[in-house]
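Shown next, in structure tokens, is the structure this report addresses.
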Amino acid sequence: MNVNPYLAALALCLSTMCPSYLNDSYFHVVTNFSGMDIKTSLKTWSVASILIPVFGSVIFVILSLFIH
């Protein structure tokens with residue numbers, strides 16, 4: 001498939017983060033350790049856990065153009 005195996009593995013790891021929501025135990029770990037309430041976590045952590053893979057995917061597409 002002409003895909004760099006390192007970039008493929010990193011992209012797979014990046015995609016496991018999307019999204020973190022109320023039924024996810026990691027959501028509650030982040031909420032409790034950061035001292036946020038549920039409402040604030042829904043506004044910040046849930047949105048961030050969606051944006052991180054999106055921007056990471058853009059970076060991997062750019063990297064795949066230069067690394068074969």
Side-chain angles (χ1 to χ4, degrees):
M1 292 181 66
N2 199 16
V3 175
N4 186 325
Y6 297 115
L7 287 178
L10 287 172
L12 179 65
C13 292
L14 184 67
S15 65
T16 61
M17 181 141 187
C18 181
S20 183
Y21 201 62
L22 282 174
N23 61 350
D24 184 12
S25 61
Y26 189 61
F27 174 84
H28 292 288
V29 169
V30 170
T31 300
N32 290 333
F33 283 137
S34 64
M36 292 188 284
D37 59 345
I38 299 290
K39 187 176 181 179
T40 305
S41 293
L42 285 172
K43 290 180 180 177
T44 57
W45 181 245
S46 294
V47 174
S49 67
I50 293 171
L51 291 177
I52 290 169
V54 169
F55 287 119
S57 298
V58 171
I59 292 170
F60 283 137
V61 166
I62 293 169
L63 283 175
S64 69
L65 296 173
F66 299 106
I67 301 172
H68 296 285

What about [X] and [Y], same hydrophobic cluster or not, with Ile/Leu/Val/Met/Phe/Trp/Tyr joined at side-chain heavy-atom distances under 4.5 Å?
X	Y	value
V30	I38	yes
V58	L65	yes
I59	I67	yes

>> If you define the side chain from C-beta out and look only at heavy atoms, does anything of L10 sit under 4.5 Å from L14?
In response: no

So CG of L51 and OG of S46: to nearest 0.5 Å the spacing works out to 11.0 Å

Here the gap from N4 atom CG to F66 atom CZ, rounded to the nearest 0.5 Å, amounts to 14.0 Å

Heavy-atom nearest pair, V3 first then A8, reads CG1-CB, 4.0 Å

Of all heavy-atom pairs linking V47 and K43, the shortest is CG2-O, 3.3 Å

The side chain to side chain donor-acceptor pair (under 3.5 Å) partners of S41 (sequence neighbours excluded) come to T31

